[in-house]
Each structure stands twice: as C-alpha cells, then as structure tokens.
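Below is one structure, written out as structure tokens, with a few remarks after it.
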Number of protein chains: 2
Amino acid sequence: MSDYFRNTVIKKLNNGDFDCTKEFTVSMFSGKHKLLILWILINNGPQGFSYFKKNLKGISKKVLSNQLNELIDDQIIFKQDFFTGKVRHTEYQLTAVGKSLIPIIVALNDWGENRLKQVMLVKKFNSDL
Amino acid sequence: MSDYFRNTVIKKLNNGDFDCTKEFTVSMFSGKHKLLILWILINNGPQGFSYFKKNLKGISKKVLSNQLNELIDDQIIFKQDFFTGKVRHTEYQLTAVGKSLIPIIVALNDWGENRLKQVMLVKKFNSDL
DNA sequence: CTGAATCCCATTAGATACTG
DNA sequence: CAGTATCTAATGGGATTCAG
C-alpha cells in the first residue's frame, strides 16, 4: 500500500487543502487487501486476526496488521479484544462508516466478477482458434 | 501503483487461478491517480496527455504515462492520435467497459465527499473546544 | 494468539535528458 | 506535444524476532 500516500493526504487535509477529495477517497481504498478484508467482514461478519491471515492468501502478519490499523485509523472498522485466561482473541468489525461502504463494495465486486467473465471468455475464444 | 501486483494477478489468471476476483478488481483501481483520471474523463470528456498533466497536480510524465497505459491495457480507456504537421496530439476516452464504471465511480466520489465533510466537522469541533 | 519492531532487498517514484 | 530511457533515492513487502 502506500503509507506515504496516506500520510500525504492527511497532511494536506491538516493544512486546509480541501482540494483533494478524490485523493482522500482513493487513500481509503489503497492497499491490495482492504477490499478483501471488507468483503470478508461484510459476508462473514466480525472476524479475528488469524481468520484474515488464513483467508488472505499469502499476506504477511505485518502487512495484515498495517492494513487493519489503517482501516481503524480511517474509522472504517474497529477492534475489540477478548481474553480466555491469558490468551487474547480479537474481533474486527465494521463501523457505521464502514457499513456505509457496503453498497459500493458490492457494486465493485459485481463489476469485477462480470469483467473477469468477459476477460475469460475472450481468452477462451482465442485459445479455441 | 503496483505493476508488480498487476502482473501477479495477470499471471494467476493465466494459470487458471480464478480464485482472485477481488484481487483482479482491486488491480483495476490500484494506482493513486486512476480514479482522478477516470473522474476527469467522466466529467470533462476526452482529454489529451497535457490536460491530465496539468490537472493531476504533481504527477510526473512517467507516472502519468504508466497509469494511462495500464488503463488502456485493462481496456478501460483507449487512445487516438492526431497530427498537426509534425506535432502530435492525443485523446484519451472511456471505452464501453470504462463507461460501465461510471456509476461506481460517482458513488465512490459521493461517498468520499460526504466522508470528508464528516471528518472536517469533527476536526472543526475539536479545534473549537 | 495477536501484533509490534527490525533488517534487507525488490519495486516504485522523481528528475533529467532525449526522440519523433 | 507526447512520450521514452536512464539513473538514483525513497518506499514497501517478506522473513524473522520479540513481547503481552
């Protein structure tokens, strides 16, 4: 992702540069895994750290941690801790702000699925020649 | 952006790994400036290279070129060249695929504007204390 | 179990110069 | 005008280590 980019946008906002709405919006989504994380939360409900680790194939703990923290900073998700004895379990959930993204994320996902089908059809057609 | 990420997704698709719809979708949008580029095309119609250069504050020619080419590769926009004598002018336009993104981009932008207003209100409130 | 800190290398962005 | 080529500096990701 782009911590640098996010920080740049945050600085701009703090300096009263309101002319960066689009950059702001992009900064909310930049990060390879954020859409996946949100998708999981939308479809499977609140989940813990290890659930994401298992389901986001190939993601490292560091990157996952970064992405989750950025989403928390942006108030799109929040975290709760539970203890079983000394063992900590966590649960990440969508905030109200995060929930307001659901229609967009669903639309984005639908678009991606349809587009992927198109791409695959073209590929198949070409290989059938 | 992430040429690396895009290439990874493309490789996966070529290897028959269809289990990366979300990654595919994200790869379409990854890139700080793509949303801005599309936003310009949606609102201001077809534009040339220098128009983007002027309006995407701080973007370098190299990065702009990359972003435009990725969008072309993904068949979201296409390019036409015109010559006035030996001087080349270009025009980038949305394809049908690109146009299918308009509702999503508009929704994304609306969301971003509203969210930014919220953020600003909170900031103002805090500074008024 | 969750997650922060560190080290190191791959990738990307920016500046500059050059071409058709 | 619209890029491409090249070089360098800044960033980001992965692996490992450590801690609550």
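Note on naming: letters A, B, ... go to the chains in the order of the sequence lines (proteins, then strands), and numbering restarts at 1 for each one.
- Using a 4.0 Å heavy-atom distance criterion, A/Asn69 is classed as a sugar-phosphate-only contact.
- Proximity of B/Ser65 to the phosphate of D/dT4: a side-chain N or O atom is located under 4.0 Å from OP1 or OP2.
- Clustering of Ile, Leu, Val, Met, Phe, Trp and Tyr side chains at separations under 4.5 Å places A/Leu129 together with A/Phe125.
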Contacts table for residues 101-113 of chain B: side-chain donor-acceptor under 3.5 angstrom, sequence neighbours left out:
residue  : atom : partner  : partner atom : Å
B/Trp111 : NE1  : A/Ser100 : OG           : 2.9

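- Atom CD1 in A/Ile72 sits roughly 11 Å away from atom C1' in C/dG3 (whole-Å rounding).
- In this structure, B/Asn7 places its CG atom 16 Å from P of D/dG13, rounding to the nearest Å.
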What do the steps show when you test B/Lys53 against B/Lys61 for side-chain contact (heavy atoms from CB on, under 4.5 Å), and what is the final call? CA-CA 7 Å; B/Lys53 183 77 178 68; B/Lys61 290 209 275 186; 3.5 Å; yes
Full working for side-chain contact (heavy atoms from CB on, under 4.5 Å) between A/Tyr92 and A/Ile37: CA-CA 10 Å; A/Tyr92 294 88; A/Ile37 289 171; over 6 Å; no
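- Using a 4.0 Å heavy-atom criterion, one finds that B/Tyr92 contacts the sugar-phosphate atoms exclusively.
- Axis orientation changes by 50° from one end of the helix from C/dC1-D/dG20 to C/dG20-D/dC1 to the other, with each end axis drawn from 5 pairs and the value rounded to 10°.
- Nearest approach of B/Lys79 to B/Ile72, heavy atoms of both residues: CB-CD1, 4.1 Å.
- The distance from the NE2 atom of B/His33 to the CG atom of B/Asn66 is 10.5 Å, given to the nearest 0.5 Å.
- Rounded to an integer number of Å, the gap from NE2 of B/His89 to C1' of C/dG20 is 14 Å.
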The test is side-chain contact (heavy atoms from CB on, under 4.5 Å); show your working for A/Phe49 and A/Leu64 and say whether it passes. CA-CA 8 Å; A/Phe49 191 86; A/Leu64 176 56; 3.8 Å; yes
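- In this structure, the NZ atom of A/Lys34 is 11 Å from the P atom of D/dG13, given to the nearest Å.
- The interatomic distance linking A/Leu64 (CG) with D/dG13 (P) rounds to 12 Å, in whole Å.
- Annotation for B/Phe83 and B/Arg88: closest pair CE2-CB, 3.6 Å, computed over non-hydrogen atoms.
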Identify all pairs in which a protein N or O lies below 3.5 Å from an N or O of nucleotides 14-20 of chain D, and state each distance.
residue : atom : partner : partner atom : Å
D/dG14  : O6   : A/Lys62 : NZ           : 2.2

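- Regarding A/Phe82, its CZ atom lies at a distance of 12 Å from the P atom of C/dT2, rounded to whole Å.
- Remark: C1' of D/dG12 and CD of A/Gln67 are 11 Å apart, rounded to the nearest angstrom.
- Residues of residues 36-55 of chain A having a heavy atom closer than 4.0 Å to DNA chain C, listed by number: A/Phe49, A/Ser50.
- Atom OH in A/Tyr4 sits about 12 Å away from atom C1' in D/dA9, given to the nearest Å.
- A search for salt bridge (charged side-chain N to carboxylate O under 4.0 Å, His left out) contacts involving A/Lys124 returns A/Asp128, not counting sequence neighbours.
- Placement of A/Leu35 and B/Ile10 in two distinct hydrophobic clusters is found when ILVMFWY residues are connected by side-chain heavy-atom separations under 4.5 Å, directly or transitively.
- Closest approach of A/Thr95 and A/Gln75 over heavy atoms only: OG1-O, 2.6 Å.
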